[in-house]
Enquirer: 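Encoded as structure tokens, here's the structure I'll be asking about.
These values consider heavy atoms only, across backbone and side chains, with no hydrogens, waters or symmetry-generated copies. Residues: numbered from 1 along the sequence shown.
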Amino acid sequence: MLKVHFAGAEQFTYAQIYREAGVRYALFTVFNFICADFGIKGTPQQPRVDHIFPPAFVESRFRHSIMDSGLFTLMFGAHAGKRDRRFIGAWFERLVDFVRTNRLKSSIVEVDCQKVLGTAEAWRLRERLRDALPNNRTINVFHVEDGRKGLDRLIEFSEYLAISVPELRICRPKTFAQDVERLARYVKTRKPEIDLHLLGCTQKNILRSCRDLATSADSTSHQSATRYGQCLGRRTNSLKPSERARLVRESRPFLERLEREFRRPVSPNFKRWVVEALLATRLHKRLYESLAGNQE
């Protein structure tokens with residue numbers, strides 16, 4: 001049964017919110033933890049918590065966790081730039097060292113560099129990652145550059161395979177939802193025992209159609225409440241003052257626990273932010289249960 005992993009758990013505050021909301025599956029990115037070695041500034045914690053190591057918290061508090069490679073951010077996201085073989089090779093080595101040094105047990109999304117270095121280099125790093133981290137499950141990623149033959153090779157090679165849903169949404173905007181389902185069915189027909197991950201996807205119709213095909217999915221859709229002031233089509237500022245006050249009261253034990261973890265008081269604005277994030281997480285978990293089944 002498909003389990004939705006709440007992404008963004010590299011932020012300790014979000015990881016705590018997910019846990020408080022009853023979430024059992026989380027995804028964090030390695031980006032924040034190794035980017036400084038490459039002269040790149042990471043996303044600041046809200047607030048900063050230096051005495052707690054988020055990956056260890058996630059691995060100890062959630063039933064399954066996934067560590068993303070951070071490569072999308074480097075190539076196409078907030079820190080996009082020209083990335084050559086030397087840079088990506090160094091990122092690969094640092095990722096491996098990070099997992100080994102911290103003895104992480106999470107499933108690891110591979111360094112899927114097909115778009116910038118080609119499929120041959122992606123295969124070289126894919127095979128090296130399996131050898132370098134034999135105690136972690138690797139999630140290999142299919143991209144359109146791989147083609148049909150590459151997909152068949154990936155199915156044969158992989159125990160855990162991801163489909164990049166945002167990429168298909170861009171390449172095939174009119175049919176991508178059907179294409180995701182067709183790809184999932186093809187993969188499971190070729191290799192029924194394989195685990196399948198829907199990368200960056202919690203779209204309703206896809207979760208419904210793939211709930212018995214995919215093992216996992218991930219998304220930051222739940223963060224739209226704190227990013228854009230919207231939650232499942234409703235403006236968060238539409239909450240009545242009395243309703244907001246009630247939510248703050250109900251969340252007080254959690255807020256007090258957060259302050260103890262942070263080792264300092266937090267502002268009223270931050271408390272309101274936490275309450276909105278907590279409510280959005282609970283509502284999204286409920287939605288995913290209706291679409292994809294039990295999330296325990």
Enquirer: Under a plain distance cut-off of 3.5 Å, with no hydrogens placed, do Tyr186 and Arg148 share a side-chain donor-acceptor pair?
Expert: yes
Enquirer: So that I can tick it off, tell me whether Glu121 and Lys115 are bridged by a salt bridge, with the cut-off set at under 4.0 angstrom between side-chain N and carboxylate O.
Expert: no
Enquirer: Determine the minimum heavy-atom distance between Cys210 and Ala184, stating which atoms define it.
Expert: SG-CB, 4.2 Å
Enquirer: Hydrophobic cluster membership, with links at side-chain heavy-atom distances under 4.5 Å among I/L/V/M/F/W/Y: are Leu151 and Leu198 in one?
Expert: yes
Enquirer: To the nearest 0.5 Å, what is the distance between NE2 (His5) and OH (Tyr25)?
Expert: 7.5 Å
Enquirer: Checking Lys3 side chain against Thr215 main chain: does a donor-acceptor pair fall under 3.5 Å?
Expert: no
Enquirer: Using every non-hydrogen atom in the two residues, find where Arg190 and Asp152 come nearest and quote the distance to one decimal.
Expert: NH1-OD1, 2.9 Å
Enquirer: Is there a side-chain contact between Pro55 and Phe57 in this structure, where contact means two heavy atoms from C-beta onward sitting under 4.5 Å apart?
Expert: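 Not in contact.
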Enquirer: Table please: side-chain donor-acceptor pairs of residues 254-262 below 3.5 Å, with sequence neighbours left out.
Expert:
{"residue": "Arg257", "atom": "NH2", "partner": "Glu20", "partner atom": "OE1", "Å": "2.5"}
{"residue": "Glu259", "atom": "OE2", "partner": "Val266", "partner atom": "N", "Å": "2.9"}

Enquirer: Could Asp97 and Arg100 be called an ion pair, given the rule that one side-chain N must be under 4.0 Å from one carboxylate O?
Expert: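 No, no charged N to carboxylate O under 4.0 Å.
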Enquirer: Between Arg128 and Asp131, is a salt bridge (Lys or Arg N to Asp or Glu O under 4.0 Å) present by the stated rule, with each step listed?
Expert: CA-CA 5 Å; Arg128 285 183 60 198; Asp131 292 339; over 6 Å; no
Enquirer: Do NZ/NE/NH1/NH2 and the carboxylate oxygens of Arg126 and Asp112 come within less than 4.0 Å?
Expert: no
Enquirer: Between His197 and Ser216, do the side chains contain a donor N or O and an acceptor N or O under 3.5 Å apart?
Expert: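 Yes, because at least one side-chain N or O of Ser216 sits under 3.5 Å from a partner of the opposite role on His197.
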Enquirer: Please answer: with hydrophobic residues joined when any side-chain heavy atoms are less than 4.5 Å apart, are Leu207 and Ile163 in the same cluster?
Expert: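 Same hydrophobic cluster.
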Enquirer: Check step by step if side-chain contact (heavy atoms from CB on, under 4.5 Å) holds for Val111 and Leu129.
Expert: CA-CA 9 Å; Val111 179; Leu129 187 64; 5.6 Å; no
Enquirer: For Thr220 and Gly8, work out which heavy atoms get closest and say how close.
Expert: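 It is CG2-N, 4.5 Å.
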Enquirer: Would you check, one step at a time, whether the test side chain to side chain donor-acceptor pair (under 3.5 Å) holds for Ser107 with His64?
Expert: CA-CA 8 Å; Ser107 298; His64 181 248; 2.9 Å; yes
Enquirer: With rounding to the nearest 0.5 angstrom, report the CG to CD1 distance, Leu196 to Ile155.
Expert: 9.0 Å
Enquirer: Would you check if Arg137 and Glu159 make a side-chain contact, meaning some heavy-atom pair closer than 4.5 Å?
Expert: yes
Enquirer: Name the orientation class of the two ring planes belonging to Phe31 and Trp91 (parallel below 30°, tilted from 30 to 60°, perpendicular beyond 60°).
Expert: tilted
Enquirer: Could you verify whether a donor N or O on one side chain and an acceptor N or O on the other, from Asn294 and Glu289, lie under 3.5 Å apart?
Expert: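 No.
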Enquirer: If you look only at pairs with a residue in residues 115-168, which of them pass as a ring-ring contact (aromatic ring centres under 6.0 Å, His included), with sequence neighbours excluded?
Expert: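 For residues 115-168, and leaving out neighbouring residues, the ring-ring contact (aromatic ring centres under 6.0 Å, His included) pairs sorted by first residue read Trp123-Phe157.
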Enquirer: Given 3.5 Å as the limit, does a donor-acceptor pair link the side chain of Thr101 with the main chain of Phe98, or not?
Expert: no
Enquirer: Minimum heavy-atom separation for Ala15 to Ala9, with atom names?
Expert: CB-O, 3.7 Å
Enquirer: To the nearest 0.5 angstrom, please state how far the CG atom of Asp212 sits from the CG atom of Leu2.
Expert: 9.0 Å
Enquirer: May I ask you to check whether Tyr18 and Tyr14 place their ring centers less than 6.0 Å from one another?
Expert: yes
Enquirer: Taking C-beta and beyond as the side chain, do Trp273 and Thr13 meet within less than 4.5 Å on heavy atoms?
Expert: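 They are in contact (side-chain heavy atoms under 4.5 Å apart), so the answer is yes.
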Enquirer: Can you tell me how far apart CZ (Phe38) and CZ (Arg94) are? Round to the nearest 0.5 Å.
Expert: 7.5 Å
Enquirer: Compare every heavy atom of Arg211 with every heavy atom of Leu291, then report the nearest pair and how far apart it is.
Expert: O-NH1, 3.4 Å
Enquirer: Can you tell me how far the CG atom of Leu71 sits from the CD atom of Gln114, to the nearest 0.5 Å?
Expert: 9.5 Å
Enquirer: Does any N or O in the side chain of Ser209 come within less than 3.5 Å of the main-chain N or O of Ile206, such that one atom is a donor and the other an acceptor?
Expert: yes
Enquirer: Donor-acceptor check, side chain of Glu59 to backbone of Ser106, threshold 3.5 angstrom: yes or no?
Expert: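 Yes: the side chain of Glu59 pairs with the backbone of Ser106.
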Enquirer: Any chance you could measure Ile108, atom CD1, to Ile139, atom CD1, to the nearest 0.5 Å?
Expert: 8.5 Å
Enquirer: Given the rule that I, L, V, M, F, W and Y join up when any side-chain heavy atoms are under 4.5 Å apart, are Val144 and Val109 in one cluster?
Expert: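 The answer is no; the residues belong to distinct hydrophobic clusters.
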Enquirer: Heavy-atom count around Gln178 CD within 6.0 Å, excluding the residue itself: above 12?
Expert: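 Atom CD in Gln178 is packed in, count exceeds 12.
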Enquirer: For Glu296, does the CD atom have more than 12 heavy-atom neighbours from other residues, nucleotides or ligands under 6.0 Å away?
Expert: yes
Enquirer: Take Arg61 and Gln16, measure what side-chain contact (heavy atoms from CB on, under 4.5 Å) needs, and give me the verdict at the end.
Expert: CA-CA 9 Å; Arg61 300 298 200 283; Gln16 283 275 35; over 6 Å; no
Enquirer: If hydrophobic clusters are built from ILVMFWY residues whose side chains come within less than 4.5 Å, do Leu104 and Ile52 share one?
Expert: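 Shared cluster, yes.
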Enquirer: For atom CZ of Arg172, is the number of surrounding heavy atoms from other residues, nucleotides or ligands below 6.0 Å larger than 12?
Expert: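 No - once you tally the heavy atoms of other residues, nucleotides and ligands closer than 6.0 Å, there are 12 at most.
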Enquirer: Are Ile17 and Phe28 co-members of a hydrophobic cluster defined by side-chain heavy atoms under 4.5 Å apart?
Expert: yes
Enquirer: Judged by modelled atom types alone, do Asn205 and Gln203 share a side-chain donor-acceptor pair under 3.5 Å?
Expert: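 Asn205 vs Gln203: donor-acceptor pair found between side chains.
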Enquirer: Please examine the side chains of Glu167 and Cys171, heavy atoms only from C-beta on, and report whether any two atoms are closer than 4.5 Å.
Expert: yes
Enquirer: Report yes or no: do Glu110 and Ser69 form a side-chain donor-acceptor pair below 3.5 Å?
Expert: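 Short answer, no.
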Enquirer: Given salt bridge (Lys or Arg N to Asp or Glu O under 4.0 Å), test Asp146 with Arg153 step by step and report yes or no.
Expert: CA-CA 9 Å; Asp146 292 299; Arg153 185 181 176 192; over 6 Å; no
Enquirer: Could you tell me how the ring of His222 sits relative to the ring of Phe6: parallel (under 30°), tilted (30 to 60°) or perpendicular (over 60°)?
Expert: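 His222 vs Phe6 ring planes: tilted.
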Enquirer: Do Lys188 side-chain atoms and Ile194 backbone N/O form a donor-acceptor pair below 3.5 Å?
Expert: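 Yes; at least one donor-acceptor contact below 3.5 Å.
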Enquirer: Do side-chain atoms of Asp218 reach the backbone of Gly200 as a donor and acceptor pair under 3.5 angstrom?
Expert: yes
Enquirer: I'd like to know whether Lys271 forms a salt bridge (Lys or Arg N to Asp or Glu O under 4.0 Å) with Glu276, so could you lay out the CA-CA distance, the side-chain angles of the two residues, the decisive distance to 0.1 Å, and finally the verdict.
Expert: CA-CA 9 Å; Lys271 289 180 180 180; Glu276 288 184 356; over 6 Å; no
Enquirer: Taking the side chain from Asp68 and the backbone from Gly70, do they hold a donor-acceptor pair closer than 3.5 Å?
Expert: yes
Enquirer: Is there a donor-acceptor contact under 3.5 Å from the side chain of Ser158 to the main chain of Leu161?
Expert: no
Enquirer: Would you say Arg103 has more than 12 foreign heavy atoms packed within less than 6.0 Å of its CZ?
Expert: no
Enquirer: Nearest heavy-atom pair of Thr281 and Ala277: which atoms, and what distance?
Expert: OG1-O, 2.8 Å
Enquirer: With a 6.0 Å cut-off (strictly less than), is the heavy-atom count around NZ of Lys105, excluding the residue itself, greater than 12?
Expert: no
